[in-house]
Amino acid sequence: MNIVVDLNRCQGYAQCAFVAPRVFTMHGEEALLYTPAVPDDQQGRVLRAEAACPVQAILVGEEAGAGAR
Amino acid sequence: MHGEPRDGRIVIVGASLAGLRAAETLREEGFAGTLTLIGEEPHTPYDRPPLSKQVLLGTVSADKTGLPQRREVDAEWKLGVRATGLDPVGKQVLLADGEKVPFDRLLIATGTRARPWPNPAEAALDGVFTLRTIEDAGRLAERLDAGPRRVLVVGAGFTGSEIASACRERGLEVTVAERGPAPLVGALGGTLGALAAKLQRAHGVDLRCGVTVTALEGNGRLTGARFSDGTGIDADVAVVALGAVRNTEWLAESGIAAGPRGVTCDAGCRAFDMYGIVTDDVFAAGDVARFPHPLFEYQLLSLEHWGNAVAQAEVAAHNMIHAGPRRRPHLTVPAFWSSQFGLNIKSVGVPTFSDQVVIAQGSLKDARLVAVYGYRGRVTAAVSVNQAKSLEYYQRLIETAAPFPPAPGAADRIESPEPVPSDVPDPKVLSHGPTVALTGHLPDRRLTLVQPAR
């Protein structure tokens, strides 16, 4: 599972950083850093973070083009 | 027309963010034909913003920044092969391996590449880097891990400033050399440029403005650099952050309106040919495209923005599979973000399309503010520093061409309600290219905002 956060949308509510702190961390007061390739044991938390994001900025999916040469 | 708009063969050249989002949108909106994605890099699509942040900080490995795919795109991926030409009459894309890929409709999404250091011998020194691809980021992160004595960053645009920030966060000594008067000044103008300079110095960056790097020195391996003011430094690593070059060379013989400034297209992402006639089967999106934007007097805009790649790709894909009357214009208000030196900087509109700026909320002293930009009495942009939640309000003012300076109404006190000149410099005085290029001019100053010819 991979994620990308639309940081134009992200407003720094930090809900994701509470739900999945190993994947999302605040950098300073407002800026978000995240781990694009989600570790297997964090997938449930990331799905909860995706749902909890007030501005729906987290996009979750399988890595694009998987299986492409 | 070549059959129904939702059938046939669509080829997308460029397998990064814009190409991927276009492919997803085509399938989402019912494209049932064959889809081919061609990418020069051997990788499936990956995200670039983390490369100058998480990857350089060492929290994410460069090869773990793959973009998620939100739906099955059922495409044939041709990766690791460069498109070398376009035959617009025979409707084929020519590839470096000799293959010819036929299409009914084509999307050009070839983006940009890092502008290399102009002296090839110096650029080849071990320790000299650019930062654009995951290979670049991986090699640079590895070198930063090794603990260089000093890193030189050439160019203080967003990429250069983010690199300097990551180095300082790692505790590395950093020198930043910028030809213009301040960091970020080409994108944000003089007021926030001065704030950025103060911030960099407060974080221990050896910032040198108004100087150019005249030589990178070394014998096989980088040892230092000379500056135009006669000074020099010792450095183990140099990162060349001189902006981007648009990947349009492959279109040189195609008859498409493509050149160093990008591929010119209309508001519906349809490319123009060299005579200024719009094509109906060749589209462009993302960093490589330049398009007229009504909010900015229909000047042609080139945007090196993540959000533009997404939005423009979605419009291009929609228009590729809909008949004329159902096509949509790409009218998105430009927006981007950067994080550096512990601050979150976000922008809406086009700050370089301005003659004045006012700090509408917060203050420069606290490094928490919203700067609002105006052009001839209307709001054209806003930039927040650690105050991102306010931006949506200003976006609405931009969209409605609200009067500048904006009326009070925000909760914060206004530090200095008087607008001052926005001091957007001519890009010629910058060491890097602007991430937003208005490829026309600002009428009052006859200021040509173009990439200097190389």
Side-chain angles (χ1 to χ4, degrees), chain A, chain B residues 15 17 19-21 23-24 37 39 42-47 49-50 53-55 57 59-61 63-73 75-80 169 305-307 310-311 335-348 368 384-389 391-392:
Chain A
M1 177 196 278
N2 279 50
I3 54 169
V4 65
V5 180
D6 182 341
L7 292 171
N8 283 323
R9 274 193 193 189
C10 174
Q11 299 285 353
Y13 286 102
Q15 297 303 300
C16 55
F18 289 115
V19 176
R22 281 183 49 204
V23 176
F24 304 96
T25 52
M26 299 309 291
H27 195 236
E29 280 177 45
E30 266 201 8
L32 178 72
L33 294 184
Y34 60 92
T35 304
V38 178
D40 286 347
D41 64 346
Q42 295 293 306
Q43 295 194 357
R45 285 176 177 270
V46 165
L47 291 174
R48 288 210 294 284
E50 178 197 20
C53 176
V55 290
Q56 297 290 286
I58 302 168
L59 306 176
V60 176
E62 291 310 311
E63 189 170 347
R69 75 169 170 89
Chain B
L17 179 63
L20 173 65
R21 287 293 181 256
E24 290 177 346
L37 277 128
H43 313 287
T44 53
Y46 58 90
D47 207 26
K53 304 174 189 77
Q54 290 98 309
V55 173
L57 288 170
T59 62
V60 167
S61 146
D63 58 358
K64 300 278 189 226
T65 63
L67 280 167
Q69 182 170 300
R70 292 174 297 172
R71 58 189 59 78
E72 185 48 55
V73 296
E76 183 190 353
W77 297 76
K78 293 182 186 293
L79 299 176
E169 199 162 327
H305 295 167
W306 192 95
V310 171
F336 70 89
W337 72 86
S338 171
S339 60
Q340 49 185 276
F341 301 105
L343 295 182
N344 187 31
I345 300 171
K346 292 179 88 166
S347 166
V348 292
R368 179 180 162 84
S384 70
V385 178
N386 270 12
Q387 183 103 321
K389 287 189 180 70
L391 272 197
E392 203 181 325

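Proteins come first, then strands; the chains are lettered A, B, ... in the order of their sequence lines, and each starts at number 1. The shown structure was predicted, so the numbers you read here are calculated from the model rather than taken from an experiment.
- For a residue to count as touching a neighbouring chain, one of its non-hydrogen atoms must lie under 4.5 Å from one of that chain's; by this rule Leu57(B) touches chain A with the side chain only.
- Here the CZ atom belonging to Phe24(A) is positioned 12.0 Å from the CZ atom belonging to Arg45(A), to the nearest 0.5 angstrom.
- Both the backbone and the side chain of Lys64(B) come within contact range of chain A, judged by heavy atoms closer than 4.5 Å.
- Residue Asp47(B) touches chain A through its side chain alone, counting heavy-atom pairs closer than 4.5 Å.
- Contact count against chain A (heavy-atom pairs under 4.5 Å) is highest for Ala388(B) among Ser339(B), Ala388(B), Gly307(B), Gly342(B).
- Between chain A and the options Gly66(B), Ala23(B), Pro50(B), the largest number of non-hydrogen pairs under 4.5 Å is found for Gly66(B).
- Looking only at distances, a side-chain donor or acceptor of Lys346(B) sits under 3.5 Å from a matching main-chain atom of Leu7(A).
- No donor-acceptor pair under 3.5 Å is formed between the side chain of Thr65(B) and the backbone N or O of Tyr46(B).
- Of the atoms belonging to Glu169(B), it is side-chain heavy atoms, and not backbone ones, that fall under 4.5 Å from chain A.
- A distance-only check finds a donor-acceptor pair linking the side chain of Asn386(B) to the backbone of Asn344(B) [under 3.5 Å].
- Highest contact tally toward chain B, considering only Gly61(A), Ala64(A), Cys10(A), Gly12(A), is held by Ala64(A) [criterion: heavy-atom pairs under 4.5 Å].
- Put simply, OG1 on Thr59(B) and NZ on Lys53(B) are 11.5 Å apart, with the number rounded to the nearest 0.5 Å.
- With a threshold of 4.5 angstrom between heavy atoms, Ile3(A) approaches chain B through N, CA, C or O but not through any side-chain atom.
- No donor-acceptor pair closer than 3.5 Å links the side chain of Gln387(B) to the backbone N or O of Ile345(B).
- When heavy atoms are compared at a cutoff of 4.5 Å, Leu20(B) approaches chain A solely by way of its side chain, counted from C-beta outward.
- Of the two parts of Glu29(A), the backbone and the side chain both hold a non-hydrogen atom closer than 4.5 Å to a non-hydrogen atom of chain B.
- Rounded to the nearest 0.5 angstrom, Trp306(B) CH2 and Arg21(B) CZ are separated by 6.0 Å.
- Residue Val4(A) touches chain B through both its backbone and its side chain, counting heavy-atom pairs closer than 4.5 Å.
- Summarising the geometry, atom CG belonging to Leu59(A) is positioned 12.0 Å from atom CG belonging to Asn2(A); distances are rounded to the nearest 0.5 Å.
- Within 6.0 Å of CD on Glu392(B) lie no more than 12 heavy atoms contributed by other residues, nucleotides or ligands.
- Contact of Lys389(B) with chain A is made through backbone and side chain together, with heavy-atom distances under 4.5 Å.
- For the options Val60(A), Val55(A), Thr35(A), Leu33(A), heavy-atom pairs under 4.5 Å to chain B are most numerous at Leu33(A).
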